[in-house]
Each structure stands twice: as structure tokens, then as C-alpha cells.
Amino acid sequence: MSNLYGDYNQKIDYVFKIVLIGDSAVGKSQLLARFARNEFSLDSKATIGVEFQTKTLTIDHKTVKAQIWDTAGQERAVTSAYYRGAVGAMLVYDLTKRQSFDHMARWLEELRGHAGKNIVIMLIGNKCDLGSLRAVPIEDAQEFAERENLFFMETSALESTNVETAFMGILKEIYQIVGKKTLTADEGAEYAKSQSLKGTRIIVPGQESDSGGRGGCCMSSS
Ligand code: GTP
Ligand code: MG
């Protein structure tokens, strides 16, 4: 099927590419699995290379196809191809791992070095189901998000907390801010074809081994 049509054969008005970034094991792939397929796995394997999944939804009576890219958080800098054309980014840390939060500044710098100026960025503190092991106070994350002008939310892919809210929040924001300038469905289809993106897994050479308001919040450990 052509990329012009979504799950129910409706015409796609917009294709929005969103990239997931952050350290290994923070839960990027599980957040995506939860959002795209409502699945979760406790023994999820580290991602190899680059993958993406799509979900088609409606915003303001328009059909929007979210194309969400996921890659390995391990070691290396992500290549610029990963960021190309992205209109949204989720910077994910594990709120039980201080280091994964401390690395957010570096990920943000890399993101800003590669992505367009209008990209909508959301900081995500994942694993809020593990409240008793929290190593990143919500205030620290809120402060960082405010300073860097990012949206912020705490989530749990395991318990489904705020996952839909976070993805829908970023998508609505993209729709409002850059929707008019983003790929139309035709351009999106062409782009996808040219990149042979249709559900394929792309192995990047050298990596074969292994309510959305600004500063807004979360419902971690109520
Ligand atoms: P890389 O692919 O290596 O970059 O890691 P990743 O960020 O994709 O992490 P992944 O989604 O594979 O999750 C890593 C581990 O954390 C797995 O064991 C998941 O089951 C677990 N995990 C992910 N999300 C949550 C969550 O919300 N809560 C809890 N308790 N565990 C989670
Ligand atoms: Mg992964």
C-alpha cells in the first residue's frame, strides 16, 4: 500500500517524523511499543541500528501519520540521517538513573546541532512506576526543561502512564507550530519511497553490535 493511506485507508494529511533519543535502557523502545501497539516487554533487547513505527491518528479533523524513529542509545553519536526531517524529538531519561538525566544536556546539544530550528522537543522522565528508586527530583527536570524551553512529562511505559498524553501532546504542538510547513502527504510518500523506509530496518554501518504544557507535569507517584 502507498504511504498515502493509513490504517483505515484514509488519506493522510500530514506525516510528522519524531525521533527518540537518550541513553541506552531508559525505555525509548518500550515507550514506542506502548504508544504504537500498546505493548510492553520487561526483557526488551537493546535496539540495533535504526527502526521506526508509525501510528495514524486524527488531530483537528486532519489525518496525521506519526512516524517515530528509535535507535540505540549506546555509546556513539547518532548520525545526521537519523535527525533529517524530524519535526519533533523526545529526549528520554530514566528517572531512577541520575546519569541518564545528566546526559540530557549532551543529547540536546547534539539534537540542536542536527535538527531544524522549529523542532518541538519534549523531555521525558520515564519509569515513574519506580517511584521508590527515584534519583531525579521532578524539580530538577522541570528546571532544566524551563531553562531549555522544552516540554516535560514523566511517564511509565510499563503502566501506560502519560505515554499517550506525551505523544499526543508533542504531535498537537507540532501540528500547531510547524504543521503548515511540514511535508504534505505526497511529499511524505515520496520521501519515504526515496529512503525505502517502508517498515524496513536500517542497519547503520558500524552499529551491528549490539497535558503537555511547557514545564508541565506529571503524575508520577501520586
Ligand atoms: P536502547 O535500545 O539500548 O537504547 O534502550 P531503550 O532506551 O530502547 O530501552 P528499552 O525500551 O529497551 O528498555 C530498557 C529496559 O527498561 C527494559 O528492561 C524495559 O522493560 C525497561 N523499561 C522500559 N520502560 C519502563 C518503564 O516505564 N518502567 C519500568 N519499570 N521499566 C521499563
Ligand atoms: Mg531501544
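Counting convention: from 1, in listed order, for ligands and their atoms alike. What's counted below: heavy atoms across the whole structure, side chains too, no hydrogens, waters or symmetry copies. We're numbering straight along the sequence, starting at 1.
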Taking C-beta and beyond as the side chain, do [X] and [Y] meet within less than 4.5 Å on heavy atoms?
X: K65; Y: F16; answer: no
X: V64; Y: T58; answer: no
X: L171; Y: I18; answer: yes
X: K28; Y: T47; answer: no
X: D140; Y: R98; answer: yes
X: R112; Y: I121; answer: yes

Identity and distance of the protein heavy atom lying nearest [atom]:
atom: atom 11 (O) of ligand 1; value: Q30 N, 2.9 Å
atom: atom 3 (O) of ligand 1; value: S24 OG, 2.6 Å
atom: atom 9 (O) of ligand 1; value: G27 N, 3.2 Å
atom: atom 30 (N) of ligand 1; value: D129 OD2, 2.8 Å
atom: atom 16 (O) of ligand 1; value: K127 NZ, 3.0 Å
atom: atom 7 (O) of ligand 1; value: K28 NZ, 2.8 Å
atom: atom 18 (O) of ligand 1; value: L42 O, 2.6 Å
atom: atom 5 (O) of ligand 1; value: A25 N, 2.8 Å

Using a 3.5 Å cut-off on N or O atoms only, is [X] in polar contact with ligand 1?
X: A72; result: no
X: A46; result: no
X: F40; result: no
X: G22; result: no

| message | Which label fits Y93 and F152: parallel for a plane angle under 30°, tilted from 30 to 60°, or perpendicular past 60°? | response |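 The rings of Y93 and F152 lie parallel, inter-plane angle below 30°.
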| Parallel, tilted or perpendicular: which fits the ring planes of F167 and F35, with parallel below 30° and perpendicular above 60°? |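 Ring orientation, 0 to 90° scale: parallel.
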| field | Polar contact flag, side-chain donor to acceptor under 3.5 angstrom, Q67-W69 | value |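 Note: Q67 and W69 side chains meet the donor-acceptor criterion.
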| query | Regarding T96 and R134, is there a side-chain donor-to-acceptor distance under 3.5 Å anywhere? | reply |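 Per modelled atom types, T96 and R134 side chains form no pair under 3.5 Å.
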| request: Report the part of S29 in contact with ligand 1, treating N, CA, C, O as backbone and CB onward as side chain, heavy atoms under 4.0 Å; options are side chain, backbone, both, neither. | output: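 S29 to ligand 1: contacts from backbone and side chain alike.
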| said: Below a 4.0 angstrom heavy-atom separation, can you tell me which part of C128, side chain or backbone, both or neither, approaches ligand 1? | reply: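 Neither part.
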| said: Closer than 2.8 Å to the Mg ion (ligand 2), what protein N/O/S atoms do you find? | reply: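 Checking every protein N, O and S atom gives S29 OG, T47 OG1.
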| Under 4.0 Å to a heavy atom of S44 - the qualifying atoms of ligand 1, by number |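 Here the atoms of ligand 1 in question are 10 (P), 11 (O), 12 (O), 13 (O).
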| Can you list the ligand 1 atoms lying under 4.0 Å from a non-hydrogen atom of A157? |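 Answer, ordered by atom number: 24 (N), 26 (C), 27 (O).
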| request: Please determine if R147 and E143 form a salt bridge, counting it only when a charged side-chain N lies under 4.0 Å from a carboxylate O. | output: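 Result for this pair is yes, salt bridge flagged.
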| Looking at E159 and K127, does any basic side-chain N land under 4.0 Å from a carboxylate oxygen? |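 Salt bridge flag = no for K127 with E159.
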| message | For Q99, is the CD atom crowded, meaning more than 12 foreign heavy atoms sit under 6.0 Å from it? | response |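 Counting other residues, nucleotides and ligands, CD of Q99 stays at 12 neighbours or fewer.
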| task | Could you tell me the separation between the CG atom of L158 and the SG atom of C128, rounded to the nearest 0.5 Å? | result |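 One finds 10.0 Å between CG of L158 and SG of C128.
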| Between the candidates L130, L158, N126, which shows the shortest non-hydrogen contact distance to atom 24 (N) of ligand 1? |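 The nearest heavy atom belongs to N126.
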| message | Given G73, S160, S41, identify the one with the heavy atom nearest to atom 19 (C) of ligand 1. | response |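 Of the listed residues, S41 has the closest heavy atom.
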| Where do D23 and S100 land on the side chain to side chain donor-acceptor pair (under 3.5 Å) test, with the steps shown first? | CA-CA 6 Å; D23 284 6; S100 70; 5.4 Å; no
